[in-house]
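Okay, so here's the structure we're looking at.
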Amino acid sequence: MADITSSLNSLSDMLGSLTSTTSSSQTQADLLVEAFKRTQSAQVDRLKERKTTLEKKSSFFATLNSKIGTLVSYLDKFSSTSSSTLFVTRSVTSSDSSVVSAIATSGALVGINSVKVNRLASNDILITSRLNASDTFSVTGSNLTFKINGKDVTVNIDSGSTNEQALNTIATAINNTADINATASVVKDTSSTLRLTITAKNTGTENKITFDDNGSGVLNALGLNNVDPNATVRTPTQSGNEYAHYKIADSSQLDSESEINGILVTRGSNSLSDVIQGLTITLLKTQESSAQPIALTTDVDTTAVQNIIQPLLDSYNDILQYLDSNKSILKDEPLVRNLGSNLRVLSSQTITSAQSGNPQYLYEIGIKASSTGTLSFYDTTKLTDALKSDPQKVSDLFTSSDSFVAKIDNVISLLKGDSGYITTKTTNVRNQIDEVQKRITELETKIDIQAENYRKEYIRTLEIYLKAQQQYNNFYTTSSALLNNAY
């Protein structure tokens, strides 16, 4: 009987030890699940690494595609039927831009022209007689009509209107008349007197101001019957600044007058675009009679041509540098890997479509390649000399059938566009990314399900153990009582 008691006590100790672990059963279940997930993480990590690699490749191709798109946009500028005219550029400088300025088109001839400014073109101004502001205007009535520059102007002047009220009404009516080519204002020349001024919107004799009272009496009330608008020299019948008059009596003096290369030139504007081929000359300030003419020097605009070519070179260089900085991605991409080397050799290839005797290499117009293949201008004097000699010499290098531009386009032809290799490759890589992500999601779901099954199994086992423990406790209690009663 002692042996039975001893065995029961040992079993009690063992189960008691197990019982003490049940208080942390949930923690143990969590640890079990995490341990299982760690054993499976290598599979997930490998897929995530694959996804990261694919995402880098996708980003690379997307960026490269964008850079090639930019390059193509520059290539297109040299592919139009008029692209050769891009290289016919002119610039003009003035020896005194405060007196005369000018701009040149490609049609301007290289050389020097002289300009002496005798008179600037002016806007015609008609000034009415001086009136006392508070006096009553002498003409009143409805639908009073007169003409300014051949346009009918109708006013309504109320009885008893002061001169100030009437002049403001007249000015408003003139300004509200369409296509009248003039504007009116009321000017108080003293604190108690005022005048109406009518100013031509444009300069020159052809825009001089004309008027006709039309029998309304309105303009006559302003003293304009004192002036003949149709005379060449519009001298008023009454002298004195207080009477109606034109600011410039001689209408011919409204035109600008200049001496272009010693030839007297008059125009109705200060902008002369029809005097010298390809030049628009702007007269800014009159000169003293003893002053020297202003020199306008027209030359080849090398900077403008360089600004046309430079964006192409920058885009070309950008692609080379981008490829060089992503060599690891290109290990399994032979078509793209060769793009850099194929582009680099272009600058040293002969441009066979250049006209006989014209440059056939970029270095002949001052463009050189660095050790990495990037291109830059190193001697703009070569470009200037070629442009001065014949712009076609430069144009051939970029617009002819076998030009540098054509060679680039040939190299990237398989790569560019919506159906090109890069677009197709980018789509394929994105599809692979989606597939890998799908596998990651499925694997993680599978692992989570297995882990949860292990958790449930552990909990089930624990429940069985606890049930067995309870049965043992009942058995032990009963057995102990029986033994005690036996003794």
Side-chain angles (χ1 to χ4, degrees), residues 120-256 268-270:
L120 296 179
S122 301
N123 300 76
D124 199 15
I125 301 177
L126 176 61
I127 303 171
T128 67
S129 294
R130 177 184 292 165
L131 301 176
N132 291 320
S134 59
D135 288 353
T136 301
F137 193 65
S138 60
V139 177
T140 59
S142 300
N143 298 320
L144 300 171
T145 302
F146 55 89
K147 288 184 181 293
I148 298 293
N149 292 339
K151 300 290 183 178
D152 287 335
V153 180
T154 302
V155 294
N156 298 314
I157 302 175
D158 296 334
S159 177
S161 294
T162 64
N163 286 331
E164 184 169 7
Q165 291 170 333
L167 263 62
N168 278 307
T169 298
I170 295 168
T172 299
I174 292 173
N175 292 338
N176 289 341
T177 302
D179 302 322
I180 200 170
N181 196 30
T183 61
S185 297
V186 177
V187 179
K188 278 194 170 183
D189 54 351
T190 72
S191 59
S192 60
T193 61
L194 43 74
R195 312 173 83 155
L196 180 72
T197 63
I198 303 173
T199 304
K201 290 183 178 180
N202 299 300
T203 61
T205 302
E206 63 183 12
N207 294 302
K208 67 180 181 179
I209 296 170
T210 62
F211 62 87
D212 189 335
D213 186 70
N214 266 7
S216 66
V218 174
L219 299 184
N220 288 342
L222 300 176
L224 294 184
N225 56 329
N226 185 43
V227 185
D228 180 4
N230 299 311
T232 300
V233 179
R234 304 162 297 182
T235 304
T237 57
Q238 290 179 289
S239 60
N241 189 54
E242 71 273 19
Y243 296 108
H245 63 280
Y246 284 96
K247 182 181 179 182
I248 298 176
D250 187 346
S251 61
S252 66
Q253 299 297 301
L254 296 171
D255 292 333
S256 66
S269 171
N270 293 313

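As the structure is a computational prediction, the values presented were derived from the model and not from experiment. The figures that follow rest on heavy atoms only: side chains count, while hydrogens, waters and symmetry mates do not.
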Going by atom type alone, with no hydrogens or angles, which donor-acceptor pairs under 3.5 Å involve a side-chain atom of residues 120-127 and a protein atom two or more places apart or on another chain?
{"unit_1": "Asn123", "atom_1": "ND2", "unit_2": "Ala200", "atom_2": "O", "d": "3.0"}
{"unit_1": "Asn123", "atom_1": "ND2", "unit_2": "Lys201", "atom_2": "O", "d": "3.4"}
{"unit_1": "Asp124", "atom_1": "OD1", "unit_2": "Arg234", "atom_2": "NH2", "d": "3.2"}
{"unit_1": "Asp124", "atom_1": "OD2", "unit_2": "Ile209", "atom_2": "N", "d": "2.8"}
{"unit_1": "Asp124", "atom_1": "OD2", "unit_2": "Arg234", "atom_2": "NH1", "d": "2.8"}

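- A donor-acceptor pair is defined here as one N or O able to donate and one able to accept, closer than 3.5 Å; no such pair exists between the side chain of Asn214 and the backbone of Ser216.
- One N or O on the side chain of Asp213 and one on the backbone of Val218 form a donor-acceptor pair closer than 3.5 Å.
- To the nearest 0.5 Å, atoms CG (Leu224) and CD1 (Ile148) are separated by 7.5 Å.
- Closest non-hydrogen pair, Gly150 versus Thr210, comes out as N-OG1, 4.1 Å.
- A distance-only check finds no donor-acceptor pair linking the side chain of Arg195 to the backbone of Leu222 [under 3.5 Å].
- Once rounded to the nearest 0.5 Å, the distance linking CD1 of Ile157 with CD1 of Ile170 reads 4.5 Å.
- Without hydrogens or angle criteria, Asp228 side chain to Asn230 main chain gives a donor-acceptor distance under 3.5 Å.
- Scanning all heavy atoms of the two residues, the minimum distance from Ser138 to Ala221 falls at OG-CB, 3.4 Å.
- Listed for the Thr145 side chain is no donor-acceptor partner under 3.5 Å among the backbone atoms of Thr154.
- Here Ser192 contributes atom OG and Asp135 contributes atom CG; the two are 9.5 Å apart, rounded to the nearest 0.5 Å.
- In this structure, the side chain of Asn226 does not engage the main chain of Pro236 through any donor-acceptor pair within 3.5 Å.
- Taking each heavy atom of Leu254 and Lys208 in turn, the nearest pair found is CD1-CB, 3.9 Å.
- No donor-acceptor pair under 3.5 Å is formed between the side chain of Thr140 and the backbone N or O of Asp158.
- Shortest non-hydrogen contact noted between Thr205 and Ser251 is OG1-O, 2.8 Å.
- In this structure, the side chain of Ser161 does not engage the main chain of Phe137 through any donor-acceptor pair within 3.5 Å.
- Atoms OG and CG, from Ser185 and Asn168 in turn, are 10.0 Å apart once rounded to the nearest 0.5 Å.
- Taking both residues in full, the closest heavy atoms of Leu167 and Leu196 are given as CD2-N, 3.7 Å, listed atom of the first, atom of the second, then distance.
- With hydrogens and angles ignored, the 3.5 Å screen pairs no side-chain donor or acceptor of Arg130 with any backbone N or O of Asn241.
- Note that CD1 of Ile174 is 9.0 Å distant from OG1 of Thr183, once rounded to the nearest 0.5 Å.
- In this structure, Asn270 CG and Asp255 CG are separated by 10.0 Å, a value rounded to the nearest 0.5 Å.
- Between Pro229 and Tyr246 the shortest heavy-atom distance is CB-OH, 3.3 Å.
- Between the side chain of Asn156 and the backbone N or O of Asn143 there is at least one donor-acceptor pair closer than 3.5 Å.
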